[in-house]
Structure formats: C-alpha cells, structure tokens
Amino acid sequence: MARILITSALPYINGVKHLGNLAGSMLPADVYARFQRLRGHDVLYICATDEHGTPAELAADAAGMDVRAYCDEQHDIQKRAGDGFSLSYDYFGRTSNAPSIRLTQHFADVLEQKGLIVERVEEQVFSIDDDRFLPDRYVEGTCPHCGFERARGDQCDSCGRLLEPTDLKEPYSKISGSKNLEVRETKHLHLVQTKMESRIRDWVDAATEWPSLAKSIAYKWLDEGLRDRSITRDLKWGVPVAHEGTPREGFETKVFYVWFDAPIGYIGATAEWAEAGNGDWEIWWRTDKGAEDVTYVQFMGKDNVAFHTVSFPATILGSEEPWKTVDKLKAFNWLTWYGGKFSTSEKRGVFMDQALDILPGDYWRWYLTANAPEGSDAAFTWEHFQGLINSDLANVLGNFVNRITKYTASKFDGQVPSTGETGEAEAWIAQELETRLPAVVANMEAMEFRKAASEVRAIWAAGNEYLTKAEPWVKYKSDVDAAAVGVRTGLNLVALFGILAQPFIPEAAKKVLDAVGVPEDRRSWNFDGPAADLLDALPHGLAITPPDVLFAKIEDAQLAEWSERFGGAPSQ
RNA sequence: GGCGAGGUAGCUCAGCUGGUUAGAGCGCACGACUCAUAAUCGUGAGGUCGAGAGUUCAAGUCUCUCCCUCGCCA
C-alpha cells in the first residue's frame, strides 16, 4: 500500500470558482484521489481556501463586511460547492487559520537565518482617502507616452509601454477614484531568490515525473532569471510579520504577501486536518518523520505552474529543512467558453454554484473529465455538453443499466438467474474486458483522465454490444436458460460499470451499485483475476432493484434557457 | 511589445522518440433490432493534417519563413 499525498491549487476566497477552475485542479485531483483509494492506497487529499491579500479586503468592503466574517462566509460557500461536486477532500482548510499562520512565520524565520530574507525600503503610492497603499494595478492615470487616460500603474493598455505608478499623470485610486495620493517610502522584507537559482534549477532538473508543460514553464522562469521578491505588504488582513507572537519592529502594520503564505497553506491545511484528530501531519510532510515514502502529487492550472515549480520550492528548499517536495505534477490548460475565456465581469461562463442549480454534480464531473483541458485548451459549449451527457451518460450507461435491470424484473422475478451455460457472446465480452480494464488503470495511473474516461465509456458501450450479441429477449422465447446467461452477465456488467464509474461520477455509481446489491467491500478496483470471474460475481438468486432513471437527457429547451441565462452563445 | 500554447474530418479532440491505405466520440446517411431513457447494434460517406520552402529513402510528426487563434506578462 502506497501513501499518496494529493493537493489541488488553492481556490481564492473572493467568490465561487467557475467550471474552468474546477476542471483544472479540484476535480481531476478528486478523480485521482478516488482512483487511488479504490486501488487500496493510503490517500490524503488536501485543499484550502487562499484568503489573504488586497482582493479579499476589497471584496469584503464591497460586501460591507469585516474581512474575517467575509472569509468565513465565502469559505463555507466554497466548501458547500465542493460538496455539491462530491469533492472528497480529506480536509478543506483555510490559509487564515492558525497552522498556516504559524508555518508561514516559521518559514520566514528560517529563511532569514539562512540569509535569504532582507529588509529593503521602496516607494509606493499611498491613497490618503482609501487609507491604504495601492498595489500597482490599482493606480490609474494618464499615460505619459500616449496620453491614454486610463493607463494602469504597471502598464498602459493603449500603447503597451511598461510604467511605474509614479510615471502616471493625474493619478487616481482605482478603488475609490480619489486623486488624493502621495508617494511614501515603506519598508518590506524581500526573499533573495537570486541566491536560490542554481539550487532550484538542480531540483527541477531532477524532477522526472513532470509533464513537458510544467518543465518548460519552470525553465522559462529560470532562464529569465529569478528576481528577489517582496514578501510583505502594507495591509491589515494577512499573516502578521511576527516572531513568537511579537511583531517585528517597523512591521507592526504589515503582513506577509499572499503569494508567500498561500502555498504554505498546503502544509497548514494538513496540520489542521491533524489537529482535528485525524493523525500526524508530519508523517506526510517531513521526510525526517516518515514522509520519505510519500508520493506527493499536485494538481493545478498552467497559470499556477511557476508558483509550484519555482516560487514555493524557493521557500521550501531555502529553509534547508527536510520538507517533502512535489513528485508528480499535473498541469491543466484552460477550459474556454466558446473559445474565449471565462469572465466574471462579462457574465461569460458558469460558476460552480450555478452549475449545481442546473444539474447534479455528476453531470458536470463527467463532462469536465471526458473533456478535460489536458493536451490543449478545451472548449465548453452548451451543445457539446448536451451531446456528451446525453450520449455517454443517458444513452450508453444509463440506458444499459435500465434495460437489463428492468428486463430482469419483468422476466426473472428481479433476481440474478442461476441457470444456463456461457457461450461465444460471454467469451467476447470477457476478452474485451481483458484488454480494456488494464488500459483504464494505466491511463488513470498516468493521470490521462480524458483517455481514461474515453476507455470507460468504451467499456460501457461494449456492454450494449454484448446484449446485442447475446439477445436474451430473443432466446427467452425458445430457451429460458440461454436467456438467463445473458441476463446474469448483463447484471454483472452493471455492477462492473458501477465500480468503474466511481472516480468519475460517484453519486450515480453508488446508485448503480446499490441497485445490484454490491457490498461496500466489493467495490474496489481489483481487476487482477480473470475477466470471466467479474461476469459471474453477483450471488445467484440475489434480488436486484431497477434504479430510477440515472441521468435525464438534456432537452433542447433547457439548452436554450441556459444559453440565454448565461450569455452562452459566442459574443458577437 | 515580449513570452507561451495551438492551428488535424461539419463539431470536440487523439496522434510517443519521423515509417504500411491519418484515428476516436459526436453529428450525418443507410440498414438491423425491439429488452430499454424514440434508447441500442452494424455499415458507410467525410480530411492535399493553416500556407510556403527545406532536410530525409520516408514528415501531421524535424528546420526556417509567413498567416491566423487563444492566453500570459510587465
């Protein structure tokens, strides 16, 4: 039994995530976690909300709430959304909780001892009316080069030139519109990443189980040269810059910058899991305390790769402490909305809570896995969604379960038949399984979820093909025993299909397995024996119950309604 | 502007280190079946693999140029 630590990129706190976020980190991590559990491994799947930073403060202000209360509320909302999609986190923590704060301060202490943190004074724009320093992109004004009136403090969108906030003429706060600004000096801690470059490069060189997307992004950053980065900010909401409870002198009103503390949240959330009475977190994270045999797998969108291959490793490796670092890294491209990007402001795209209003989580899980943005960006369209759900889930899987269980109920008294000898059709389906089941497992191991889903679908389709070959409804007229074999095999296929479906569509899989009475301890992914055994696993005479319709088809009228509601068509 | 990813059948996508007639699902056409959610099964029609040039016995698969799309960054 292997020990597998899984994390998915931490969703930011300011609002429910859209389907692209789900498809690119939390969902595939969950599919993989469920798969490895079904294979009998010891899995710890950790996630958390990333709660610090200016956007959280502003979102709380906009909601008229205290930041802490706002984050409390949003964390619960995201937790519920995750539950709705059956995300099987072992723990869903928060970067604002005590363990993450403690660990962040710990890393800062250790890095400073190693000479990797220094104080530097810089100039930043302060907004007197907002009573806060403004991050570069929150300062706007007139571009000194082209005269564009809404240039950002980091760049002019009109002429494209790079700017400093102090370059802008007539600068104003993007937050309040106030022009009452001044440049102030402010002191910050900097992480001296320039000293870390070769160490990180060696570490990246040694990584063997990263996809090319991840490696190329890491090397791109390294090739451009790492820069020292400020790791503190003049904010109220965040991890205090303190040592053993005492604020650092001159940093009483400052906190750590969110990019520094967020990934530490992986460890912090594991510590939360432990403090909730679930065990020892260090055996998962400290190689000197038992984590040397852990395989650590991270899931994230491609925008996060640099943070996981360079920035966070700088923190971890810089400490020179025996922390576990990532072994396998799975990065996803974008799920696009009709070829463009999901956008909150333009009302383009579907968000997790809205998706659950429309359909149960399993529908989305299947679509987002079978159409995962693995090799390249993948387009979401309502038409494609409808086609995939109706075909794969309603017609191929749902209808198969329905047709054979109903037939059993009407002709075989709702019981698994015991009579009849197997023949050619049974040999054929057994052979199909002999080749296809290992393919599914191999694809899952390789984290090729799209291909795994496709192979699972092919197995479901083979079940229908089998029934066509066995045609029990024809044989029933002349030879009930011959029909019985087909029905028995069909029912066992239902059980197998349910077992296979578990990582992808767990709720529906459970319904299927309950319907044909597969006990909990017989639901694992153990396909080592002959396939023929899988086709006669259910006890003869066992009573089965046809389940309700597993997946309702998506009607054209629904599609039209959703397109209207979500601005579904491509923007003109 | 710099950087990254990508342009393969009507649609969504596979095609590893170059090698027989370029694949899958959906959609479409025709046929079969009737146990089933007007489901299923079979057969078939569809592509000069963005354009041009080059390397090679051989290129969707390598090199160069160009065009187009998407994204990221400061």
Side-chain angles (χ1 to χ4, degrees), chain A residues 20 136-137 145 151-165 212-214 216-221 223-224 227 301-306 331-343 367 370-412 425 443 446 448 450-451 453-458 460-477 483 486-487 490-491 494 546-555:
Chain A
D136 291 357
R137 65 196 159 103
H145 304 291
R152 292 198 315 269
D154 51 5
Q155 179 193 25
C156 173
D157 278 335
S158 179
C159 69
R161 289 198 217 218
L162 306 186
L163 303 172
E164 291 294 325
S212 55
L213 180 64
S216 67
I217 291 174
Y219 281 127
K220 182 195 157 211
W221 273 50
D223 291 345
E224 284 177 357
R227 279 167 295 182
K302 61 185 171 187
D303 57 327
N304 259 318
V305 171
F332 285 82
N333 290 287
W334 304 129
L335 181 72
T336 64
W337 180 256
Y338 288 84
K341 75 188 268 202
F342 275 72
S343 164
Y367 177 81
N371 187 43
E374 280 184 314
S376 62
D377 291 355
F380 176 94
T381 68
W382 286 113
E383 296 73 18
H384 191 220
F385 178 68
Q386 177 191 36
L388 207 67
I389 295 302
N390 288 356
S391 173
D392 293 359
L393 297 185
N395 295 346
V396 174
L397 175 63
N399 180 55
F400 178 83
V401 172
N402 190 246
R403 67 194 292 205
I404 191 67
T405 53
K406 282 235 175 96
Y407 191 72
T408 305
S410 72
K411 302 289 198 212
F412 288 88
N443 281 320
E448 294 273 4
R450 199 175 170 123
K451 288 176 184 169
S454 166
E455 196 62 38
V456 166
R457 193 208 109 97
W460 295 340
N464 284 309
E465 193 177 344
Y466 163 75
L467 286 184
T468 300
K469 292 181 193 294
E471 49 184 12
W473 49 88
V474 172
K475 290 177 177 160
Y476 188 82
K477 293 169 189 164
V487 170
L491 290 172
V494 170
D548 296 335
V549 167
L550 284 173
F551 296 100
K553 281 195 207 180
I554 297 170
E555 305 296 338

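Residue numbers start from 1 in every chain, and the chains themselves are labelled A, B, ... in the order their sequence lines are given, proteins ahead of strands.
For rA24(B), the paired nucleotide is rU12(B), the pair qualifying as Watson-Crick or G-U wobble because both relevant distances are below 3.5 Å. Pairing for rG1(B) goes to rC73(B), judged as Watson-Crick or G-U wobble with the two contacts each under 3.5 Å. Of the nucleotides present, rG42(B) is the one that pairs with rC30(B) by Watson-Crick or G-U wobble criteria, both distances under 3.5 Å. Pairing partner, rU65(B): rA51(B), with both Watson-Crick or wobble hydrogen-bond distances short of 3.5 Å. Using the Watson-Crick or G-U wobble rule with both distances under 3.5 Å, rC35(B) pairs with nothing in any strand shown. Both distances falling under 3.5 Å, in either a Watson-Crick or a G-U wobble arrangement, occur for no nucleotide opposite rG18(B).
Between rU12(B), rC70(B), rU37(B), one nucleotide has an atom nearer to the side chain of Asn371(A) than all others, and that is rU12(B). Candidate nucleotides rC13(B), rA36(B), rU34(B) were compared by shortest atom distance to the side chain of Val474(A), and rU34(B) ranks first. Distance from the side chain of Trp473(A) is smallest to rU34(B) among rU37(B), rU40(B), rU34(B). The nucleotide whose nearest atom lies closest to any side-chain atom of Asn395(A) is, among rU40(B), rU37(B), rC13(B), rU40(B). Closest to the Lys406(A) side chain, of the nucleotides rC41(B), rU37(B), rU12(B), is rU37(B). Looking at the side chain of Phe551(A), the nearest of the listed nucleotides rU37(B), rU40(B), rC13(B) is rU37(B). Side-chain proximity of Asn464(A) to the nucleotides rU40(B), rC13(B), rC70(B) is greatest for rU40(B).
Taking only side-chain nitrogens and oxygens, Lys451(A) comes nearer than 4.0 Å to OP1 or OP2 of rG15(B). Residue Arg450(A) places no side-chain N or O under 4.0 Å from the OP1 or OP2 atom of rA24(B).
Using cut-offs of 30° and 60° on the angle between ring planes, the pair Tyr407(A) and Phe412(A) is tilted.
Gly387(A) comes within 4.0 angstrom of nothing in the nucleic acid, heavy atoms only.
Donor-acceptor pairing under 3.5 Å, judged by distance alone, is absent between the side chain of Asn399(A) and the base of rA39(B).
The ring of Phe332(A) has its center no closer than 6.0 angstrom to the ring center of Trp334(A).
The nearest heavy atom of RNA chain B to His384(A) and to Ala461(A) marks one nucleotide each, and the one closer to the 5' end goes with His384(A). A residue-by-residue look at Arg457(A) and Ile404(A) shows that Arg457(A) has its nearest nucleotide of RNA chain B further toward the 5' end.
With both ends at atom C1', the span from rG27(B) to rC64(B) equals 39 Å, rounded to whole Å.
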